[in-house]
Amino acid sequence: MRGAFLAVLVAVAYAAPKNVLLVLTDDQDVILGSLSAMPKVNKLLVTQGMSFSNAFANTPICCPSRAEITTGRLMHNTKVIDNSCGGTAFQKDVEPNNMAHFMHSLANYSTYYSGKYLNNYGMAGVGGTEHIPQGWTSWHALVGNSKYYNYNISEEGKSLHFGNDYATDYYTDKLKNDSVAWLKGGWDQSTPFFMQIGTPAPHVPNIYAPQFANDYVGQKAPRTANWNKAPADATGPGSKHWMMRHFGPMDPKHVNESDGTFADRWRALQSVDAMVEELVTTLNDLGQLDNTYIIYTSDHGQHLGQFGMAFDKRQLYETDIRVPLIVRGPGIANGVTSAIATHVDLAATILDMGGLSKPDVMDGRSWLPVAQGQDPAGLQWRKDFLIEYGGPKVDMSEINGFQLADSNNDCGDGYSCDGLTMCGGERGSCPCDARNNTYKCLRTLSASEDSIYCEFDDSESFIEWYDIKQDPWEMNNLAESGDPTKKAALHARLHDFMLCSGNDCFNPSSKHQPRLEAAPLT
């Protein structure tokens, strides 16, 4: 008996550290069905692990979201409020405490990064390609925003250019090939690894591999209840913030552009699907699959025609803030959980997978116990969280890396596009942002309530408030008609979140005395 007990102790003491692989796509929706176009992800990840049906980006735009993911801190704490990415202040004050730093320095992980990092990465004003964030022992990051051909990467701090030959340069495939090669030959198997791969897909320009050109021909974006509902009203149940009142519905040309973008996105995702299969196969061949956590998610969602916006993100609506989140690996339960997971939880979760406690500076919390099948109620899991965005502060053409199409009539007949930011792809341009599109939202999700309450930092102090349980497509703004006591309680709770940092952000302490509370929406 004593010998068996010691054997168990030895087995526990020498249990192999777990590897972690994070696949982060760019602009991938979940509400509009993109995962249905990925049979390999479904077979190898979804059916083999846990899916989070309530996974959210805390900020639905690339740079702030990616800063939140790598640091585990909310936008108001990273100070990365838009796609200018925080500049050198972020690099100096926030970036050093990223998840790779802790995994490498505290748990001796080999850390590998390949793909899109931040939209301004590699630019001269932020250190160029010589800048390698602390903690990454193998660095292969894209310069700038998502591209598929004719791009530069920082190869261990040295700039390399790639052209337009599909066989050697198509970026999603290059990420797959390079990552597999590192696993087979570059990784020192005496240490566990943390690998992050940031794909360009399905971000515009949605350039797909040539073998998928005939897939999804004629596929159209889902005609949801709010599809092409524009313009919004200034008051009443149909009211929305300033931007949403300053463009009209898509005409047939822009409907075709939106539908074409939708199909192109699914085509581009086929290469991601193949990459996931190749990574899983490689891990299995190396005898590492059962010892590796694989996380699949996106930096934020995407709208495709909702409220008359042909494509893009940046809005507070469900299409933009919801993301896919799937995990498989040792001890992970099979199925679907309705527990809330947000992007600031990813860093804490990955550290947990590496046997580390999260540092106090991180705002999120590990959802690993949830994925292992523990009851969220027993864990006193969150019922609400923060969504925030600071609006555009840079010329989009500088960050997107391609020229916008002529915006004449891209906002609809009778609309000038004045005051709106236009975003473009290979199929045209559309309104996507405005300088007063600056908001903070309280998203509540519990057995009794499913709502979002948002306040805008604009000259109107505009409010959008939706009972998503009754109004899933966010077409009935309760700001004028909702219960005033409930509204005051939501405002107070939102205020608490906006002042939070570190451990307090999971369930912020009340800054109001006495605490304002109200019954759920009914």
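Note that this is a predicted model, so its numbers are computed, not measured. Residue numbers run from 1 in the order of the sequence given.
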Could you check whether [X] pairs with [Y] (Lys NZ or Arg NE/NH1/NH2 to Asp/Glu carboxylate O, under 4.0 Å)?
{"X": "R265", "Y": "D29", "answer": "yes"}
{"X": "D450", "Y": "R443", "answer": "yes"}
{"X": "D82", "Y": "R435", "answer": "no"}
{"X": "D312", "Y": "R314", "answer": "yes"}
{"X": "K358", "Y": "D352", "answer": "no"}
{"X": "D169", "Y": "K174", "answer": "no"}

Quiz item: With sequence neighbours excluded, what pairs up with W381 under the ring-ring contact (aromatic ring centres under 6.0 Å, His included) test?
Solution: F506
Main chain of [Y], side chain of [X]: is a donor-acceptor contact present, judged purely on distance under 3.5 Å?
{"X": "D345", "Y": "R365", "value": "yes"}
{"X": "D433", "Y": "T421", "value": "no"}
{"X": "S446", "Y": "E449", "value": "yes"}
{"X": "N58", "Y": "H343", "value": "yes"}
{"X": "E388", "Y": "M498", "value": "no"}
{"X": "Q306", "Y": "L304", "value": "yes"}
{"X": "S146", "Y": "H203", "value": "no"}
{"X": "T342", "Y": "F56", "value": "no"}
{"X": "R322", "Y": "S53", "value": "yes"}
{"X": "S239", "Y": "D233", "value": "no"}

Which distance, rounded to the nearest 0.5 Å, do you find between the [atom1] of [X] and the [atom2] of [Y]?
{"X": "C432", "Y": "Q315", "atom1": "SG", "atom2": "CD", "answer": "8.5 Å"}
{"X": "H303", "Y": "M309", "atom1": "NE2", "atom2": "CE", "answer": "4.0 Å"}
{"X": "C454", "Y": "L442", "atom1": "SG", "atom2": "CG", "answer": "8.5 Å"}
{"X": "T224", "Y": "I31", "atom1": "OG1", "atom2": "CD1", "answer": "9.0 Å"}
{"X": "Y317", "Y": "N226", "atom1": "OH", "atom2": "CG", "answer": "9.5 Å"}
{"X": "F162", "Y": "K147", "atom1": "CZ", "atom2": "NZ", "answer": "13.5 Å"}

Exercise. Please say whether the positively charged group of R267, taken as NZ for Lys or CZ for Arg, lies over the ring of Y148, i.e. under 6.0 angstrom from the six-membered ring centre and within 45 degrees of the axis.
Key: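 No, cation not above the ring by the 6.0 Å, 45° rule.
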Quiz item: Is C430 close enough to C423 that their SG atoms are under 2.5 Å apart?
Solution: no
Practice problem: Determine whether the aromatic ring centres of F456 and H241 lie less than 6.0 Å apart. | Solution: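 Yes - the distance between ring centres of F456 and H241 falls below the 6.0 Å cut-off.
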Quiz prompt | Centroid-centroid distance, Y208 to W266, less than 6.0 Å | solution = no
Self-check item: Short side-chain donor-acceptor distance under 3.5 Å, E95 and H131
Solution: yes
Quiz prompt | Pair Q28, S34: side-chain N/O donor-acceptor within cut-off below 3.5 Å | solution = yes
Quiz item: Should the pair Y121 and W139 be assigned to parallel (<30°), tilted (30 to 60°) or perpendicular (>60°) ring geometry?
Solution: perpendicular
Exercise. For A225, check side chain to side chain contact (heavy atoms under 4.5 Å, CB included) against everything at least two apart and list the hits.
Key: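 In terms of side chain to side chain contact (heavy atoms under 4.5 Å, CB included), with neighbours along the sequence ignored, A225 is linked to W473, M475.
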Quiz item: Which residues pass the side chain to side chain contact (heavy atoms under 4.5 Å, CB included) test with S138, sequence neighbours left out?
Solution: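 Y112, H140, E156, W182.
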Do [X] and [Y] come close enough that some side-chain heavy atom pair is under 4.5 Å?
{"X": "Y296", "Y": "V46", "result": "no"}
{"X": "I295", "Y": "R328", "result": "no"}
{"X": "Y117", "Y": "R66", "result": "no"}
{"X": "S179", "Y": "I197", "result": "yes"}
{"X": "N436", "Y": "E460", "result": "no"}
{"X": "K440", "Y": "Y453", "result": "no"}
{"X": "I61", "Y": "N83", "result": "yes"}
{"X": "F102", "Y": "M362", "result": "yes"}

Quiz item: Taking all non-hydrogen atoms of both residues, which atom of E464 and which atom of N477 are closest, and how far apart?
Solution: CA-OD1, 3.5 Å
